[in-house]
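Some notes on the structure that comes next.
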Amino acid sequence: MTIFIGLINGMISAATPILLSALGGALTYYAGIFNIAMEGMMLSGAFFAVLGSYYFGNWLIGMLFGILGALLIAGIFILFSVVLKVDEFVTGVGLNMFSVGLTTYLLRQIFKVKGAFTDPGIYSVPKIKLPFIEKIPFIGDIISDQNLIVWIAFIATLLVNYFVFKTQFGLRLRAAGYNRICLDTSGVSSDKIKTVSLLLCAVLCGFAGTYLSLGYVTLFSENMSAGRGWISLAAVILVSGNPIGIALVSLLFGLADGLGLYLQHIFPSQFTSMLPYIATLAALFFYSINNKKKMEVKL
Amino acid sequence: MAHNLRNILINLAGILIAFLLGAVVMIFQGYNPLETYEALFGYSLGNTYSFMTVLKNSVPLILTGLSASVAFASGPVNLGQPGQLLMGALFATVGGLYVDLPSVLMIPFLLVLAMVGGALWSGIAGLLKRLFNMDEYITTLMMNMIADFFTYWAITYPFFEKNANHPQTPRIIKNGWMPEIGDFNTNFLVTLIVFIIIWFIFYRTTNGYEWRISGKNSLFARLGGVEIEKNYMHVMLLTGALAGLAGGLIIMAGPHRFIKGLGANYAWDGIMVSMVANNGIVATLIYGIFFSILQTGALGMELITQVPSELITVLQAVIVLVVVASRGYFTLLLSKIMTKRKLKERSA
């Protein structure tokens, strides 16, 4: 039983950053942006969250800094891809590299360390204890004592779902991706919609980054996003941006991650660490097989 | 010719802007930008030895850059250079540990082995696309991570060196080391030959023509009778082999063994080089050497002026973004001026 609870908790904590950045990716996906900069936004967010938390001794300011860090990357993305019309893919790759460089450079400049920075003065984002629910066996062990950002991710899923499908802005967002010219001629600037979607994406990636550095650990290490932005991109593509679908896929990746930790006793850790990436390939495989069948039925 | 000159000027302008931005950052941090750039270029170009180091270090940049350029210009979005490089390096290392041949045979043998390693890894992604229509830009990325862990496992368990402090293999047999002529490492010679072959295939053969046409307009190519699927597989295998070769040459020229974290420095460099070079084969060679000058000089910059060498990673990214942006911007500006001139001529 404890193993099972541990597995579920491991799944939730591994799924949270992927879910948050994938929700951000979904917003830009609907707006028709080929956005691969989630990785960079997350990494920058993780670094600045530690910076804010360390200097102000306050996790809330840390979280705010995390969001600002991700917004910095989004701002440059907007400058290059929306204003200067540089290819989105080139901008994304350039910015991901920029984030790696910027964070390692600042790590040495500000904290005078290489590799990783940790300090008792960094305050982590608190866990939320639910007074009555925590007494309930099993359910209490899972729902209570989760990190604040896990709850933010949960609420964000519902919000994004509502936002995309039930509001005027959501309609315009989808129109921007579906037929940009049509939207422009109806008097709504698609560039403006794209800009807003990128900024919102950065806020979500900022939370994801903050969770990485102030959630389950309290440290920043070089390149600590470790491909999670790419996994979240895969999640977005798998379900064509649907927020609820993204939540399910993220949990699946989280499960692969959590399972890996348990299998470490049996297999070398190098193999168990591959699991989330293999799970991504497997998910893509089933998605493609399914698509193929659908096409055949249509024909 | 005028077109080439314009291209060169645009690239130089982009690099200049990027360096100016770098200088602004340095001034904010209280460093002297002139001294810093002088230290950077002095360390990488100051004497023959340092220039030879630049050439040696440029090999993985050029080869992964060529891999990305050929792939992108032909259509397939092969982002798997980091993984293919690692697999190539592993194959060459294992070959170098267990096979002993005279140098003349050993070096080509290991080079081919490295290419097979890289092509195997890109070939899997190619097959996944062909059989199941799985997009290569995701599969190659995931396979990068898998190759990272797989090689880490290989040097920790089956091929590890006993008594070493951290995961690494023993040195490969000496006959497999790339020979040095004075300070010049022949790994650059191999790269130059490969560059010429790739240039020839790409610009002077029917296959190369078909690849380029498919990259520009795959529908047109298909209607013209180009076998897109066959070409796709060829390009994936070739570009994987190029990245694998980069890995093999790192082993054979440099540490002569597989050390943990070997490919990390080159992870996205090849893709960055191809982007800033606009997928041009010659431009890839030039930018590969240029990025190597920056990376090699970064150490000197840190030694002399205390500016952390990581600044160069930032500078590289800025160069890519600014050069690509200014290419688009200046091209637009020039065509605007040309149109105005034409209009005037007509009205006159």
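In the text below, chain A, chain B and the rest are named by the order of the sequence lines, each starting its count at 1.
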About how many Å separate [atom2] of [Y] and [atom1] of [X], when rounded to the nearest 0.5 Å?
| X | Y | atom1 | atom2 | result |
| --- | --- | --- | --- | --- |
| B:Asp135 | A:Ser288 | CG | OG | 7.5 Å |
| B:Thr139 | A:Tyr277 | OG1 | OH | 15.5 Å |
| A:Leu284 | B:Phe132 | CG | CZ | 11.5 Å |
| A:Ile76 | B:Leu321 | CD1 | CG | 8.0 Å |

In terms of heavy-atom proximity below 4.5 Å to chain A, should [X] be classed as side chain, backbone, both, or neither?
| X | result |
| --- | --- |
| B:Leu79 | side chain |
| B:Phe150 | both |
| B:Val276 | neither |
| B:Ile146 | both |
| B:Met272 | side chain |
| B:Ser309 | both |

For chain B, which residues from [range] lie under 4.5 Å away (heavy-atom distances)?
| range | value |
| --- | --- |
| residues 77-92 of chain A | A:Phe80, A:Leu84, A:Val86, A:Phe89, A:Val90, A:Thr91 |
| residues 230-240 of chain A | A:Trp230, A:Ile231, A:Leu233, A:Ala234, A:Ile237 |
| residues 17-34 of chain A | A:Phe34 |
| residues 249-265 of chain A | none |

Do you know which of B:Met143, B:Arg327, B:Met275, B:Gln316 has the most heavy-atom pairs under 4.5 Å to chain A?
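With the most close heavy-atom pairs to chain A, the winner is B:Met275.
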
Selection from A:Ser269, A:Ala226, A:Gly94, A:Ser273 maximising heavy-atom pairs under 4.5 Å formed with chain B
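Going by pairs under 4.5 Å, I would pick A:Ser273.
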
Look at A:Thr280, A:Leu106, A:Leu107, A:Ile289 and state which one has the largest set of heavy-atom pairs under 4.5 Å with chain B.
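Of the candidates given, the most pairs with chain B belong to A:Thr280.
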
Looking at side-chain heavy atoms only, is the closest gap between [X] and [Y] below 4.5 Å?
| X | Y | answer |
| --- | --- | --- |
| B:Glu310 | A:Gln109 | no |
| A:Met97 | B:Thr313 | yes |
| B:Trp268 | A:Asn96 | no |
| A:Arg108 | B:Glu302 | yes |
| A:Phe271 | B:Trp153 | yes |

With side-chain contact (heavy atoms from CB on, under 4.5 Å) as the criterion, how do A:Asn291 and B:Asn133 come out once you've worked through the C-alpha distance, each side chain's angles and the decisive distance to 0.1 Å?
CA-CA 9 Å; A:Asn291 254 13; B:Asn133 205 23; over 6 Å; no

Minimum heavy-atom separation for B:Val314 and A:Tyr105, please, with both atom names.
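Nearest pair, atom of B:Val314 first, then A:Tyr105: CG2-CB, 4.5 Å.
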
Heavy-atom closest pair, residues A:Pro268 and B:Tyr157
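It is CB-CE1, 3.8 Å.
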
Is the OH atom of B:Tyr31 crowded by more than 12 outside heavy atoms at less than 6.0 Å?
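Yes - once you tally the heavy atoms of other residues, nucleotides and ligands closer than 6.0 Å, there are more than 12.
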
More than 12 heavy atoms of other groups within 6.0 Å of A:Ile266 CD1
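Atom CD1 in A:Ile266 is packed in, count exceeds 12.
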
Counting only heavy atoms closer than 4.5 Å, note whether A:Thr104 contacts chain B via side chain, backbone, both or neither.
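It is both, since atoms from each part get that close.
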
